[in-house]
Amino acid sequence: MKILAKDKVQALLDKIAQQATVYVPMAIEQGSGFYPWNEDNKEKPLLLDALNVYNSPKYVVFPQTERMYDLKQQGQELSIDKTYEDSSERVIFGVRACDARAMRSLDDVFLTRGFEDSFYKARRDNVTVIGNACYNPGVNCFCGAMGVAMTEPETDVIIRDTGNDGYIWEAKTEKGEKLTALVAEFLVDKELKYPEAKSFTTQVDYEGVAEKLKSMFDHPLWQKMAEPCVNCGACTYICPSCHCFDIQVKMWGDSGYRFRCWDSCMYAEYSAEAGGGNPRPTGVERFRQRFLHKLEFFNERYGYSLCTGCGRCTIVCPAGVRITDIINEIKEVDSSVEL
Amino acid sequence: MSNCNCEQPLVPHIVEVIDIVEETPDVKSFYVKSVGGGLPYQVMPGQCSMLSLPVGEGMFSCTWQEGQEYQQYAIKRVGLLTEELHRIEVGQKLGLRGPYGNGFPIETSRGKDMLFIAGGIGLAPLRSFIKHCFKNRSDYGKITIIYGSRSYNDLCFKKELFEEWPSQPDTEVHITIDNPEEIWKGHVGFVPAYVEELAPDPAGKVSVTCGPPIMIKFALQSLQKLGYQDEQIVTTLEMRMKCGIGKCGRCNIGSQYICLDGPVFDLTQLKQLPQEW
Ligand code: SF4
Ligand code: SF4
Ligand code: FES
C-alpha cells in the first residue's frame, strides 16, 4: 500500500498547487473551512485532524454566488455575450465522508433527472476530491445513522490516518489515479494496519423514519418542533447538501449580469408568488419543508437521505433546534393524526 | 434552426416579439420567434417556458405554437416582470428558455370526450390543448368548454370563445362571469357551481381544469361530486419557480418538482402528494 508521511503533506499540497487550486481545511480567524492553499494561507493552521470543519467544501462546486452570464440591453435589443462556466482545475484535500456524501447529492440534483446544470458540471468535472476517512466520530456526528460509511468517503482518493506512521493513500477512481501519479514522489510503499473505528456517541435511529414521514405531513408534532425556530436560515446556509438557489440580476444602466446565489426555504420570499400568495405562509410550513426535504422527499426522489449527519446545523442554530432530536421524536411519536 | 437549451439549460435564447395583442385590460398575448426567424423550439400543449427581460425571469405556459412559426404566450399583469412585459413593443428582444414540464395528456386522451374547465387567465394554458383538439378533430370526441372570469372584460380570447369554438362540430362552449353586468346576457356565477349545474356526464370523458388555485380546488370537488374518477380529473399546479429544471428546489410539493414533473397532474397523482397545493 501507499503511505503519505505526515511531514510530506505540505510538499504534496505545494506540488498539486502548481497545477490546480487546492482547498484544504484550515482555521481562519474564528472560523474554519476549506480554503485555497496559497501564499497567503500557508501560515494558517491546517486542520487535517479536525472532523468536519465549520464551512463545508460545498462552495467549491456550488459557490454561494455564481455569475452565470452577462446581459446587455440597448433600446429593444438584448444580448447575452458571455457565460461563466468555470472549468479550472481544483483539488479538495481532506474531505470527510459526510461532506463527500453531500457532494454526491449535489451531483444527483444538478446532473441527473433530465437536465445537466452546465455551471455545476464545469466545476464538478474538474474537481478531484481526496477524502479523509473518519475513525473517531465527534459529539455532533451521526453520519452512520444516515447511511454514510465514515471510513469510506465517496471520493477519488481516500487517506486514512494511522497516527505517527502517516496516511494510507488509496486511489479510488481514474481521477484519483491521475492525482496519485502526480504526487508519486511523496508516497512510499509500506504495509500498515487500518486504524480502528470508534463508535458514535450521538444516538440517532433513522431506520424507517422516511417511510413513516409519508403519513405525517399534517401531524401536530411539526407545530411543536418548529416553535423555537426563528427561520433565520443559518442551518440551510451551513448545510453541505442544501442546494436551493435563487436567480438574481445586477444591472448598471444597460448592462449587467445574471447570477445565482444560495437561497433558503426558511424565508417567506422563497416561495412567495408574483400574485401575492404563498403556499408556505408561516414558519411552521417552512420548517416542515426543510426537514421533510432532508428526511423524506429527497429519499423518494433519489433513494437516500439529504441529511448526511454532519451535525453542523445543530452547532449553528441559535434556537437549539437539533435535527437528531427531530429524527428521534418522529421515530417515537404515534404517527396517526388527530384532526 | 435552434432548439432547446439542453447544453446550457439556465442560459436563455434571445427571441423577438413579432406581435402583441391585448386580450383583456390586464392580459396581453406575446408572439415570439427566434431572432432571424423560425421557432425557438417545439413546445407541447401544457409545457412552459421561462421568459425574461433584464429585470427578471418568469415561467409562462405556452398558449399556442403547434404548426406555427412562432410561440404565443398570453400573460397577465401581476408583478414586476409582467408589468415590464406589458410595457414593451413589437420588435423587443426577450430571453426565452425551455421547454419545461410534462404537458397535457394529449396522447392518452385520444378517443375520449373532452371537458375543459378554465377560470380567468387559466384559459391561456388550456387553449393550447383545446386548439390541438380542434386541429386533430377526429382524434377526440365531444368537446365541452366551461369558462369563466370576473367580468365580461376579463374573458380572454373572445373571438374564439364566442365565434370560432362554438361553431366547431360536436362542441359546446359555456361561459359565465362572477357578477351580473348590464352588457352580459349570459350565465352569472362561479365556474365550479356552473360545472355542477351543467353536470357533464363523466362517461368516456377526460376533464382538464386550469385556473386560480382556489377555483381549481372547488372545481375538482364539483367533478368528484358528478362522479368523475380520479384518473379522469386532470389539472395544473402552480408554484414559484426560478430554475425550471428541478434544481433550485423551490417549486416542490412533496417529492415532486412542479417545473419538471408537472405542471400537469391527475387526481390520482395529486392524492399521493402532501396537501400543500
Ligand atoms: S441537515 Fe444538518 S446534519 Fe444534516 S447534512 Fe445538513 S447541516 Fe448536516
Ligand atoms: S438555524 Fe435554527 S432557528 Fe435558524 S432556521 Fe435553522 S432551525 Fe430555525
Ligand atoms: S423552479 Fe427550480 S426546482 Fe422547479
Side-chain angles (χ1 to χ4, degrees), chain A residues 68-69 71-80 83 85 109-120 214 216-218 242-249 251 254-256 258 260 263 265 269-280 285 288-289 292-293 296-302, chain B residues 4-17 35 50 52-58 76 78-82 88-95 100 212-214 237-257 260-261 272-277:
Chain A
M68 297 197 294
Y69 52 85
L71 271 173
K72 199 179 267 156
Q73 189 178 34
Q74 261 166 337
Q76 291 191 316
E77 296 305 311
L78 182 68
S79 61
I80 293 172
T83 66
E85 280 91 354
V109 168
F110 285 109
L111 302 176
T112 74
R113 304 298 191 280
F115 291 93
E116 276 187 353
D117 181 302
S118 59
F119 299 97
Y120 182 85
K214 285 188 182 169
M216 287 183 59
F217 190 76
D218 294 311
C242 271
H243 61 77
C244 291
F245 61 87
D246 192 5
I247 295 178
Q248 291 282 352
V249 72
M251 294 291 290
D254 285 344
S255 53
R258 189 116 44 215
R260 65 168 160 201
D263 199 356
C265 57
E269 306 82 66
Y270 175 83
S271 48
E273 278 150 20
N278 194 335
R280 299 184 194 126
E285 292 91 36
R288 175 176 65 187
Q289 162 62 24
L292 284 180
H293 187 207
E296 180 203 343
F297 301 156
F298 192 87
N299 299 53
E300 274 176 45
R301 212 172 166 82
Y302 299 100
Chain B
C4 71
N5 301 58
C6 309
E7 295 292 311
Q8 293 174 303
L10 292 176
V11 183
H13 293 296
I14 304 296
V15 295
E16 183 176 351
V17 177
V35 174
M50 221 16 131
S52 57
L53 280 166
V55 62
E57 294 188 296
K76 185 178 163 130
V78 287
L80 208 60
L81 170 66
T82 50
I88 64 170
E89 286 167 13
V90 171
Q92 173 73 41
K93 306 293 190 298
L94 302 176
Y100 298 134
I214 186 76
L237 296 187
E238 255 177 65
M239 285 292 267
R240 175 114 191 249
M241 293 184 189
K242 283 285 180 172
C243 72
I245 56 174
K247 316 291 188 206
C248 80
R250 84 194 52 235
C251 74
N252 80 298
I253 294 181
S255 66
Q256 302 291 296
Y257 287 114
L260 193 66
D261 309 309
Q272 285 163 18
L273 300 181
Q275 280 293 313
E276 207 168 31
W277 47 279

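The chains referred to below are lettered A, B, ... by the order of the sequence lines, with proteins before strands, and numbering in each begins at 1.
Contact annotation for A/N278: neither backbone nor side-chain heavy atoms come within less than 4.5 Å of a heavy atom of chain B. Using a 4.5 Å cut-off between heavy atoms, B/S52 contacts chain A through both its backbone and its side chain. Looking at A/S255, there are no atoms closer than 4.5 Å to chain B (heavy atoms on both sides), in backbone or side chain. Interface remark: B/D261 contributes side-chain atoms only to the contact with chain A (heavy atom separation under 4.5 Å). Heavy-atom distances place the backbone of B/V55, and not its side chain, under 4.5 Å from chain A. For A/V109, the parts lying under 4.5 angstrom from a heavy atom of chain B are both the backbone and the side chain. For A/F119, the part lying under 4.5 angstrom from a heavy atom of chain B is the side chain only. With a 4.5 angstrom heavy-atom cutoff, B/V90 touches chain A only via backbone atoms.
A donor atom on one side chain and an acceptor atom on the other are found under 3.5 Å apart for B/Q8 and A/E85.
Residue B/E238 qualifies as open at atom CD: its count of foreign heavy atoms under 6.0 Å is 12 or below.
Within the 4.5 Å cutoff, side-chain heavy atoms of A/I247 are placed close to those of B/E57. Annotation: side chain of B/K242 is not in contact with side chain of A/F245 (no heavy-atom distance under 4.5 Å). B/M239 places a side-chain heavy atom less than 4.5 Å from the side chain of A/R280. B/Q256 has its side chain out of reach of A/E300: every pair of non-hydrogen atoms, C-beta onward, lies at least 4.5 Å apart. Side chains of A/S79 and B/I14 form no contact here, defined as non-hydrogen atoms less than 4.5 Å apart. Put simply, the side chain of A/Y69 reaches to within 4.5 Å of the side chain of B/P12, judged on heavy atoms.
Atoms OG and CG, from B/S255 and A/N299 in turn, are 10.0 Å apart once rounded to the nearest 0.5 Å. For the atom pair CZ (A/R301) and CG (B/L260), the distance works out to 5.5 Å, reported to the nearest 0.5 Å.
Remark: the backbone N or O of B/V11 is not paired with any side-chain donor or acceptor of A/R258 at under 3.5 angstrom. B/K247 places no side-chain N or O within 3.5 Å of a backbone atom of A/D117 that could act as its donor or acceptor partner. Under a 3.5 Å cut-off, the side chain of B/R250 and the backbone N or O of A/S271 do not form any donor-acceptor pair. Of the possible polar contacts, one joining the A/Q76 side chain to the B/E89 backbone as a donor-acceptor pair under 3.5 Å is found.
In this structure, B/Y257 has its ring center at least 6.0 angstrom away from the ring center of A/F297.
For the pair B/G249 and A/C244, the tightest heavy-atom approach, listed with the atom from each and the gap, is CA-SG, 3.7 Å.
Salt bridge status for A/D246 with B/R240: absent, with no side-chain N to carboxylate O gap under 4.0 Å.
Ranked by heavy-atom pairs under 4.5 Å with chain A, the list B/C243, B/G79, B/P274 is led by B/P274.
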